[in-house]
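Below, chains carry the letters A, B, ... as their sequence lines are ordered, and counting in each starts from 1.
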Amino acid sequence: MAIVDAHKLDLNLLLVFEALYLERNVTRAGQRVGLSQPSMSNALVRLRAQCGDALFVRTPSGMEPTPYATALSGNVLRALDLMRATFEQSAAFDPATARRTFTLLMSDFSQFLVLPPLMARLKQVAPRVRLDVSAMDRDQYRAALESGEADLAVGHLQELQSGFYQTGLFVDQHVCVMGRDFRMAGDAITMDEYLAANHLVVTNNKTDLQIDRDLARQGHRRRVALSVPRYLVLPPLLAQTDFIVTVTEAIAQAIDDAIGVRWCPLPFPTPLTRIRQFWHARYHHDPGNSWLRQQIAELQIGATLRKIGSPCPRSEPVS
DNA sequence: TCCTCGATGGCAGAGTAATC
DNA sequence: GATTACTCTGCCATCGAGGA
């Protein structure tokens, strides 16, 4: 048995192998791949020479595979199926039948807002499509999108503002959410009350860092009592403390819905949070990626959020 | 003996590398 | 870029083995 040289292997011969394995007849196998019987026979000769094995031998019941051909058959047939699926996938994307897995990069804030309506939509229109949401650090997003490790990134990702295609999804503004034990004089928090409060900070939210810088420029400094990496822990903490936390309105509304809290505008202006989806140029014309982007763009996310643009926002390459 | 079906020889066309 | 020689592949016609 010869060792098959992959560089010299004619991949068309794998189709010949597959047809012979399935038909057990040279003439019918030829019809299956569009060759005449002599051409099929000739192809079998070449295949035998490359494999160093007869592969199929004539018997009263047809062309039976040798033990070596039987051993090869599983991997060869799987490889051909994989190739067909690969090229069918790149040629078109049918959400109703697609089995593709998309990898998304999202903060837990974006997951909180986007995943519930997105999964409800996928369940209806693309039941076999799977999403993997990566937990990698934000400073790794750029490399993951460039390498193809991830399909899309969603969020307020200023580090991806250049070099990627993007569409805006919605904008949100920051508000102040008060813990149940927090006391203030009026309905809206004053600057003095804000600075005197015990602050709860989500370190994953880079806007918090911006707020600290803005306050410092005005000669102020807030008192951070606790910093946490994720939003998940906010509701139980706010339910039992007098902490206040600065988050977007959508998060405030969600916390209010969960445990019932007060929230109000900040006593100073902050920039709007613009949630966008980002993708690399390599996926710009990919039918599957394009379809997923459209699904996300069409989502109705949160009652308090302002949608950006039309249901199908125009993508913008940014250099 | 006949029929079926894989194998083989000869030929043509297409593709590729080498040469000018 | 054009020409030439070589290689590869497929087709037609035919052969030959094996089964009924």
Side-chain angles (χ1 to χ4, degrees), chain A residues 1-103 126 128-130 142-152 163-165 279-294 315 317 319:
Chain A
M1 213 157 298
I3 296 174
V4 178
D5 185 344
H7 293 286
K8 295 179 180 174
L9 180 62
D10 179 353
L11 293 181
N12 285 316
L13 294 180
L14 296 184
L15 296 172
V16 168
F17 180 96
E18 179 192 46
L20 280 167
Y21 189 81
L22 296 175
E23 294 290 350
R24 309 291 165 99
N25 177 288
V26 174
T27 303
R28 288 198 302 275
Q31 291 168 347
R32 181 182 272 262
V33 298
L35 292 178
S36 64
Q37 178 271 318
S39 298
M40 198 67 186
S41 180
N42 189 20
L44 179 56
V45 169
R46 297 197 302 276
L47 192 55
R48 283 167 170 164
Q50 290 202 343
C51 294
D53 186 88
L55 296 175
F56 296 90
V57 294
R58 195 174 182 176
T59 71
S61 57
M63 296 290 278
E64 290 297 321
T66 64
Y68 181 59
T70 301
L72 289 180
S73 62
N75 284 341
V76 169
L77 269 56
R78 272 192 293 277
L80 289 171
D81 283 345
L82 181 60
M83 288 176 65
R84 291 187 181 103
T86 299
F87 288 110
E88 284 169 7
Q89 175 176 290
S90 62
F93 183 82
D94 179 6
T97 58
R99 293 177 178 274
R100 184 166 168 181
T101 298
F102 293 96
T103 299
R128 294 185 175 125
V129 164
R130 175 182 157 178
R142 176 175 286 273
L145 290 169
E146 287 173 346
S147 69
E149 186 180 347
D151 297 277
L152 275 178
F164 290 89
Y165 284 89
W279 63 98
H280 193 262
R282 67 193 300 165
Y283 287 121
H284 188 56
H285 296 294
D286 175 68
N289 193 288
S290 178
W291 171 84
L292 181 61
R293 295 192 309 256
Q294 180 152 349
S315 59
S319 56

Inset, instruction - Just call it for A:M40: base, sugar-phosphate, or nothing, with non-hydrogen atoms closer than 4.0 Å on any strand. - result: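 Contact class for A:M40: none.
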Inset, instruction - Select base, sugar-phosphate, or nothing to describe what A:T27 touches, counting heavy atoms under 4.0 Å on all strands. - result: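 Sugar-phosphate contact only - A:T27 comes under 4.0 Å of backbone atoms but never of a base.
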Legend entry - Residue pairs fulfilling ring pair (Phe, Tyr, Trp, His ring centres under 6.0 Å) with at least one residue in residues 26-56 of chain A, sequence neighbours excluded: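 Every ring pair (Phe, Tyr, Trp, His ring centres under 6.0 Å) pair that includes a residue of residues 26-56 of chain A, provided the two are not neighbours, is A:F17-A:F56.
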Whole-Å distance separating the [atom1] atom of [X] from the [atom2] atom of [N]:
| X | N | atom1 | atom2 | answer |
| --- | --- | --- | --- | --- |
| A:L20 | B:dC5 | CG | C1' | 13 Å |
| A:L15 | C:dT9 | CG | C1' | 15 Å |
| A:F56 | B:dC5 | CZ | C1' | 16 Å |
| A:M63 | C:dG19 | CE | C1' | 16 Å |
| A:L44 | B:dC5 | CG | P | 16 Å |

Legend entry - salt bridge (Lys or Arg N to Asp or Glu O under 4.0 Å) involving A:E64 - partner list, sequence neighbours excluded: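 In terms of salt bridge (Lys or Arg N to Asp or Glu O under 4.0 Å), with neighbours along the sequence ignored, A:E64 is linked to A:R24.
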Inset, instruction - Could you list the residues that satisfy salt bridge (Lys or Arg N to Asp or Glu O under 4.0 Å) with A:R128, not counting sequence neighbours? - result: none
Inset, instruction - Ignoring hydrogens and angles, tell me if any N or O in the side chain of A:S41 forms a donor-acceptor pair with the backbone of A:P38 under 3.5 Å. - result: no
Legend entry - Bending between helix ends of the helix from B:dT1-C:dA20 to B:dC20-C:dG1 [5 pairs per end, 10° resolution]: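 Rounded to the nearest 10 degrees, the bend comes out at 10°.
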Inset, instruction - Scan for salt bridge (charged side-chain N to carboxylate O under 4.0 Å, His left out) pairs involving residues 71-80 of chain A, sequence neighbours excluded, and state none if there are none. - result: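 Pairs touching residues 71-80 of chain A that pass the test: none.
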Legend entry - Protein proximity profile, nucleotides 10-16 of chain B - base contact B, sugar-phosphate-only contact S, no contact -, cut-off 4.0 Å on heavy atoms: -------
Inset, instruction - Nearest 0.5 Å please: distance from the CG atom of A:N289 over to the CZ atom of A:F93. - result: 9.5 Å
Inset, instruction - Could you grab the distance from atom CG of A:L152 to atom CG of A:L145, nearest 0.5 Å is fine? - result: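 These two atoms lie 8.0 Å from each other.
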Legend entry - Minimum side-chain heavy-atom gap A:L20-A:M40 below 4.5 Å: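 Yes, close enough: below the 4.5 Å cut-off.
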